[in-house]
Protein chains: 2
Amino acid sequence: MAAERGRRRPGYAPGGRRDAILDAALDEFAAGGYNGTSLAKVAERAGLTQQGLLHYFPSKQALLVALLNRRDEVDADAAAEEDGRVDLAEVVRRNVERPGIVQVYTVLSAESVTEGHPAQEYFRDRFERLRGEVEGRIRKEHGDRLPSGVGPDEAAALLIAAMDGLQTQWLHDPGAVDMPRLVRTLMDVLTGPARGGKARDAED
Amino acid sequence: MAAERGRRRPGYAPGGRRDAILDAALDEFAAGGYNGTSLAKVAERAGLTQQGLLHYFPSKQALLVALLNRRDEVDADAAAEEDGRVDLAEVVRRNVERPGIVQVYTVLSAESVTEGHPAQEYFRDRFERLRGEVEGRIRKEHGDRLPSGVGPDEAAALLIAAMDGLQTQWLHDPGAVDMPRLVRTLMDVLTGPARGGKARDAED
DNA sequence: GTCTATACCCTGATAGAC
DNA sequence: GTCTATCAGGGTATAGAC
């Protein structure tokens with residue numbers, strides 16, 4: 001389902017040029033943002049020239065869009081594997097091991113609020129979809145009103161916001177915030193006192 | 001206290017060139033980020049040439065630093081007026097009226113996690129200071145352990161994170177999230193059931 | 001499919017006239 | 001204090017050889 005997009009997709013297999021370029025773009029956009037990264041840098045990391053890169057992606061903007069779409073496909077595949085669940089605590093645990101991914105996401109989601117940024121629509125839609133998914137999951141698990149008195153829609157927006165904000169703090173100073181623990185804490189507090197399975201493991 | 005910095009500060013008064021340039025830089029950095037903004041654009045908005053601008057600020061980096069420092073002074077003055085309190089709910093209420101300010105902050109705080117960004121140190125320090133201030137305020141008002149069982153340090157990191165994350169969502173889609181309401185909700189939930197003065201006003 | 005060559009514009013910054 | 005002139009470099013993108 002997430003596997004076909006264009007007609008034939010030249011070189012999607014591992015080792016394919018297209019994917020190598022997208023990998024390089026991910027690293028470079030993470031390191032410098034979209035505006036701060038040149039096609040030449042991406043190309044060099046992928047092992048070809050800037051003009052060679054433009055054979056696969058006709059413009060810098062197209063490269064960014066392709067990168068974001070690929071991310072969605074990977075996520076969709078992963079979600080399918082674990083049966084459609086959206087376990088935020090698990091997402092956070094994984095993210096701590098992948099600072100690169102976290103950094104592209106953090107940088108691009110903020111950079112894209114600027115005028116005419118090519119990822120504007122992407123992130124607006126993504127936030128909307130994400131809020132809906134998390135809200136639905138909360139509603140299914142805890143009902144239409146959480147014990148804390150908070151609505152599932154509010155809890156969803158707050159959880160997503162906190163995760164993003166914590167990522168920014170964490171990227172600036174990885175030792176300063178314990179993301180998995182804090183997200184766990186917030187979930188516990190939102191979903192009400194001593195509810196939703198095993199609460200905290202450690203005592204403090 | 002926050003009023004002197006250099007020796008004499010040429011033209012700090014309203015109408016002063018220096019301040020006009022910083023105002024322009026604020027708007028332009030908000031619209032395009034640091035990397036996405038040229039000195040020429042800032043200069044044009046301020047009503048002089050790029051080279052004229054460089055007479056006041058020797059480099060683009062110096063301009064950014066000056067901008068961030070001025071923001072701190074303004075904040076410090078404002079905080080002094082209301083007697084050192086850090087009322088987050090009030091901050092959010094005000095921010096909704098100033099999308100420009102919110103946008104520079106959001107864009108720059110994320111952009112500055114990139115390699116070699118000139119505002120890295122500024123934001124790392126700012127987050128650290130902010131966490132400390134909010135934690136201290138919570139501790140003074142609610143004690144060393146909140147009724148919810150959450151520590152003041154955790155609550156501080158979460159509140160700041162949620163505010164920043166909500167700003168990003170809000171900038172992408174202003175109608176999608178009610179920032180003041182959501183922050184209020186989070187504060188209530190963190191500080192425990194029906195504590196901390198008047199809880200929610202509306203019923204729903 | 002990948003390269004060289006190159007067009008064309010924008011960038012931050014310097015030198016120096018007025 | 002502000003401008004014109006200018007530099008050296010880098011940006012995206014196109015044309016066309018191989």
Side-chain angles (χ1 to χ4, degrees), chain A residues 6-25 27-29 31-67 107-108 111-112 114-119, chain B residues 6-25 27-29 31-68 108 111-112 114-119:
Chain A
R7 276 78 85 87
R8 176 172 51 95
R9 273 237 277 208
Y12 187 60
R17 268 284 202 240
R18 226 185 131 82
D19 250 30
I21 292 170
L22 290 176
D23 289 342
D27 290 342
E28 290 294 337
F29 287 153
Y34 178 75
N35 285 324
T37 299
S38 67
L39 289 176
K41 270 193 254 176
V42 176
E44 186 188 3
R45 183 183 281 251
L48 76 175
T49 63
Q50 180 247 136
Q51 296 87 342
L53 186 156
L54 286 173
H55 172 73
Y56 294 91
F57 304 94
S59 69
K60 189 184 181 184
Q61 185 162 336
L63 174 64
L64 175 64
V65 171
L67 177 70
V107 172
L108 292 182
E111 188 181 23
S112 60
T114 58
E115 264 171 24
H117 195 284
Chain B
R7 277 77 86 87
R8 174 172 52 94
R9 273 238 276 208
Y12 188 59
R17 268 286 201 234
R18 224 185 134 85
D19 250 30
I21 292 169
L22 290 176
D23 289 342
D27 290 341
E28 290 294 336
F29 286 155
Y34 178 74
N35 285 323
T37 299
S38 68
L39 289 177
K41 269 192 258 176
V42 176
E44 187 188 4
R45 183 182 281 253
L48 74 174
T49 63
Q50 181 247 136
Q51 295 86 342
L53 186 156
L54 286 172
H55 171 73
Y56 293 89
F57 304 94
S59 69
K60 190 183 179 185
Q61 184 162 337
L63 174 63
L64 175 64
V65 170
L67 176 69
L68 295 169
L108 292 181
E111 187 181 25
S112 61
T114 58
E115 264 171 24
H117 195 286

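- More than 12 heavy-atom neighbours from other residues, nucleotides or ligands sit within 6.0 angstrom of CD on B/Gln51.
- OP1 or OP2 of D/dG11 has at least one side-chain nitrogen or oxygen of A/Ser38 nearer than 4.0 Å.
- Between B/Leu64 atom CG and C/dG12 atom C1' the separation is 15 Å, expressed in whole Å.
- In this structure, A/Leu48 reaches the sugar-phosphate backbone alone: every heavy-atom distance under 4.0 Å involves primed, P, OP1 or OP2 atoms, never a base.
- Rounded to whole Å, the distance from CD on A/Gln61 to C1' on D/dG11 is 15 Å.
- Heavy atoms of A/Leu54 sit under 4.0 angstrom from at least one base atom.
- Closest-nucleotide positions on DNA chain D for A/Ser59 and B/His55 were compared, and the one nearer the 5' end corresponds to B/His55.
- The separation between B/Glu44 atom CD and D/dT2 atom C1' is 16 Å, rounded to whole Å.
- Side chain of A/Glu111 to main chain of A/Gly33: no donor-acceptor pair is present (N/O by atom type, distance under 3.5 Å, no hydrogens or angles).
- Checked against D/dT12, D/dT4, D/dT2, the side chain of B/Gln51 finds its nearest nucleotide in D/dT4.
- Proximity of A/Leu22 to A/Leu63: side-chain heavy atoms (C-beta onward) are separated by under 4.5 Å at one or more points.
- Phosphate contact (OP1/OP2 of C/dC3, side-chain N/O of A/Thr49, threshold under 4.0 Å): present.
- Between the CD atom of B/Gln50 and the P atom of D/dC7 there is a distance of 16 Å, rounded to whole Å.
- Distance, B/Leu53 CG to C/dT11 C1': 14 Å, rounded to whole Å.
- Rounded to whole Å, atom P of C/dA13 lies 18 Å from atom OH of B/Tyr56.
- Separating the CG atom of A/Asn35 from the P atom of C/dT11 is a distance of 11 Å, rounded to the nearest angstrom.
- Nearest to the side-chain atoms of A/Lys60 among the listed nucleotides D/dT2, D/dT12, C/dT11 stands D/dT12.
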>> A/Asp27 vs A/Val42, test: side chain to side chain contact (heavy atoms under 4.5 Å, CB included). Steps then yes/no.
In response: CA-CA 8 Å; A/Asp27 290 342; A/Val42 176; over 6 Å; no
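- Rounding to whole angstrom units, CG of residue B/Leu39 and C1' of C/dT14 are separated by 14 Å.
- Side chain of A/Thr114 to backbone of A/His117: no donor-acceptor contact under 3.5 angstrom is found.
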